[in-house]
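Sequential numbering from 1 along the given sequence is applied to the chain's residues. Scope of the values below: all heavy atoms of this structure, side chains included, with no hydrogens, waters or symmetry mates. These numbers come from a predicted model, not from an experiment.
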Amino acid sequence: MTNTQNPSTAPVGQAGPANPLHGITIGLDIGGTKTHGVRFEDGIPVADESAGSSNVQNVTREEAARNLADLFARIGAGPVAQVYAGSGGIDTDEDAAALAGLIQPLVPGAKVTVVHDSRLLLAAGRAGTGVAVIAGTGSAAWGRNADGGEARAGGWGYLLGDEGSGYWLGREAVRHSLRRMNQGLPVDPLTSALLKSCGLDHPNKLIALFHSPETGRRFWAQQARHVVEAAAAGHQDSAALLDQCGKDLAALAVQVLGQLGLDGPVILGGGLGMNVVPVQESFRRNLSEAGITDVRILDQEPVFGVLELVAGPA
C-alpha cells in the first residue's frame with residue numbers, strides 16, 4: 001500500500017479528527033471497464049457515480065486522467081479529506097504512486113491512498129482476514145492473515161494470465177469458434193451469438209478482429225455474456241467454460257490460503273463472480289473438494305469496503 005499526501009494533511013488516526021471517517025472521503029474502485037466512485041460524508045454515502053476506466057493498464061494516462069476528472073466533477077465539490085482507491089494492476093509502490101499522481105491534482109490537500117482492488121473486496125466482504133478473489137474483466141486473489149502477512153496470486157494481466165476472467169471467457173469463445181471452423185463443424189449457438197455481436201458473417205473474420213487495434217481487453221471481456229447466455233440455453237461447451245472459470249478462480253484462492261496458513265473465508269467478487277451462478281457453483285465445489293467451506297459471494301460493491309479500510313488499521 002502506498003500513501004501520497006500533502007504534508008499539511010494529518011494522517012488518519014493521528015493529529016486531527018478522532019473519527020477517521022470524519023469529513024469527506026472519496027472511495028474509488030477502478031476496474032478494467034469502469035471507475036466506480038462513492039462520496040462519503042462522515043461515513044455516509046451521499047453520491048454514487050461511475051465513469052470510464054482509469055486503470056492505466058487498460059487505457060492511456062490521458063484517458064485515465066479524463067475519466068477521473070469526469071467522475072470527480074460529478075461526485076461533488078468541497079474540501080475532500082481523503083481518497084481511498086483500489087485498482088487492478090497495483091503491483092508495486094511505483095504503480096500506486098503513478099495512480100495517486102493522477103488523482104492528487106483533483107483533490108488538493110487530500111490524503112490519497114492507493115491499494116490493489118482485491119483489498120477493497122475483502123473489506124467489503126466484512127472480513128479482516130481471509131482471501132478475496134476478483135472475477136471481473138481480469139482476475140486475481142489477495143489475502144491477509146491475523147499476523148498481517150499478505151499474499152497474492154494471479155493478477156498478471158490478460159497477456160500473461162487472468163484465467164477465469166471476463167476477458168478469458170471472451171477469448172475462449174473466439175478460440176472455440178475458430179477450432180470448430182478448422183474442424184469443418186457447423187456454426188453453433190455460441191459462435192452464432194459471437195458473430196452477430198461482432199457484426200461478422202464468418203468465424204474466420206474473428207482472427208483479424210481479435211488482433212485489430214479497434215478492439216481490446218474490454219471489448220472481448222464484454223463478449224463473455226454470450227458464453228453465459230449459451231450455457232443457460234443448454235450449450236454444453238459454454239457450460240464447460242464456465243465450470244473451468246470457477247475451477248481456475250478456486251485455484252487462485254487455494255494458493256493464497258496455503259501461503260497464509262488459512263482455511264477461509266474466501267470471498268468472491270467482480271462482475272462474473274457476483275452475477276454468474278454457474279461460476280459461483282463451480283468455485284464453491286472446487287474449494288469444497290480442497291477442504292475449504294467458508295466461501296462467500298460478495299453482496300455489496302467493493303468500493304464500500306473503503307469504509308472498513310479507513311476505519312480500521314492500515
Side-chain angles (χ1 to χ4, degrees), residues 28-37 49-71 74 87-91 95 98-99 102 117 134-140 154-183 185-231 235 237-238 241-242 244-245 270-272 275-276:
L28 300 177
D29 177 24
I30 301 172
T33 302
K34 69 176 183 178
T35 300
H36 183 196
E49 298 284 350
S50 293
S53 177
S54 48
N55 184 328
V56 293
Q57 287 192 344
N58 300 292
V59 299
T60 64
R61 287 183 59 83
E62 292 74 19
E63 185 176 351
R66 286 195 301 271
N67 288 334
L68 285 168
D70 174 45
L71 179 64
R74 290 188 286 115
S87 175
I90 302 301
D91 301 312
D95 293 332
L99 179 55
L102 293 178
D117 55 357
I134 292 177
T137 302
S139 65
W156 299 343
Y158 71 103
L159 290 176
L160 293 173
D162 276 356
E163 293 86 356
S165 69
Y167 175 86
W168 181 87
L169 277 177
R171 187 194 67 187
E172 290 306 303
V174 173
R175 287 163 56 89
H176 165 86
S177 301
L178 294 175
R179 278 195 299 267
R180 289 184 62 86
M181 178 192 72
N182 286 165
Q183 294 165 2
L185 298 173
V187 169
D188 67 355
L190 176 57
T191 301
S192 178
L194 183 62
L195 291 176
K196 182 178 179 181
S197 176
C198 294
L200 303 176
D201 59 9
H202 194 280
N204 195 45
K205 294 181 180 179
L206 286 167
I207 301 172
L209 185 65
F210 192 87
H211 293 291
S212 168
E214 301 302 316
T215 64
R217 186 183 182 207
R218 287 176 290 170
F219 177 87
W220 294 109
Q222 290 166 355
Q223 306 313 310
R225 68 184 186 277
H226 303 305
V227 181
V228 176
E229 292 166 0
H235 186 250
D237 286 344
S238 292
L241 286 175
L242 296 183
Q244 185 64 45
C245 180
L272 283 177
N275 298 300
V276 181

Report the residues that fulfil side-chain hydrogen bond (donor to acceptor under 3.5 Å, both in side chains) with Lys205, sequence neighbours left out, ordered by chain and then residue number.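 side-chain hydrogen bond (donor to acceptor under 3.5 Å, both in side chains) check on Lys205 returns Asp201.
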Search all heavy atoms of [X] against all heavy atoms of [Y] and return the closest pair with its distance.
X	Y	answer
Ser87	Asn55	OG-ND2, 3.8 Å
Pro189	His235	CD-CD2, 3.9 Å
Ala231	Ser238	N-CB, 3.6 Å
Gly166	Ala224	O-CB, 3.6 Å
Leu178	Pro203	CD2-O, 3.3 Å
Ser192	Val187	N-CG1, 3.6 Å

Quick one, Arg66 and Ser54 - any side-chain contact, counting heavy atoms below 4.5 Å?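 Side-chain contact under 4.5 Å: no.
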Rounded to the nearest 0.5 Å, what separation is found between the [atom1] atom of [X] and the [atom2] atom of [Y]?
X	Y	atom1	atom2	value
Asp237	Arg179	CG	CZ	8.5 Å
Leu169	Thr137	CG	OG1	11.5 Å
His202	Thr191	NE2	OG1	11.0 Å
Ser177	Glu172	OG	CD	11.0 Å
Leu272	Leu242	CG	CG	8.5 Å
Asp70	Glu63	CG	CD	11.0 Å

Answer yes if the ring centres of His226 and His176 are under 6.0 angstrom apart, and no otherwise.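 Ring centroids of His226 and His176 are no less than 6.0 Å from each other.
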With side-chain hydrogen bond (donor to acceptor under 3.5 Å, both in side chains) as the rule and sequence neighbours excluded, what pairs involving residues 155-169 come up?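 Of all non-adjacent pairs touching residues 155-169, those that pass side-chain hydrogen bond (donor to acceptor under 3.5 Å, both in side chains) are Asp162-Arg217.
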Listed by chain and number, what are the side chain to side chain contact (heavy atoms under 4.5 Å, CB included) partners of Leu209, not counting sequence neighbours?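 Partners of Leu209 under the side chain to side chain contact (heavy atoms under 4.5 Å, CB included) test: Cys198, Leu200, Thr215, Phe219, Trp220.
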Give a yes or no answer on whether the side chain of [X] reaches the backbone of [Y] with a donor-acceptor pair at less than 3.5 Å.
X	Y	answer
Thr35	Gly52	yes
Arg74	Ser50	yes
Ser197	Ala193	no
Asn67	Ser53	yes

Evaluation steps, side-chain contact (heavy atoms from CB on, under 4.5 Å), between Ile90 and Asp117: CA-CA 8 Å; Ile90 302 301; Asp117 55 357; over 6 Å; no
Just checking Arg175: does its CZ atom have more than 12 heavy atoms from other residues, nucleotides or ligands closer to it than 6.0 angstrom?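 No, the 6.0 Å shell around CZ holds no more than 12 heavy atoms from other groups.
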Take Val56 and Leu99, measure what side-chain contact (heavy atoms from CB on, under 4.5 Å) needs, and give me the verdict at the end. CA-CA 8 Å; Val56 293; Leu99 179 55; 5.8 Å; no
So Leu68 and Leu28, side-chain contact (heavy atoms from CB on, under 4.5 Å) or not? Walk me through it. CA-CA 10 Å; Leu68 285 168; Leu28 300 177; 4.2 Å; yes
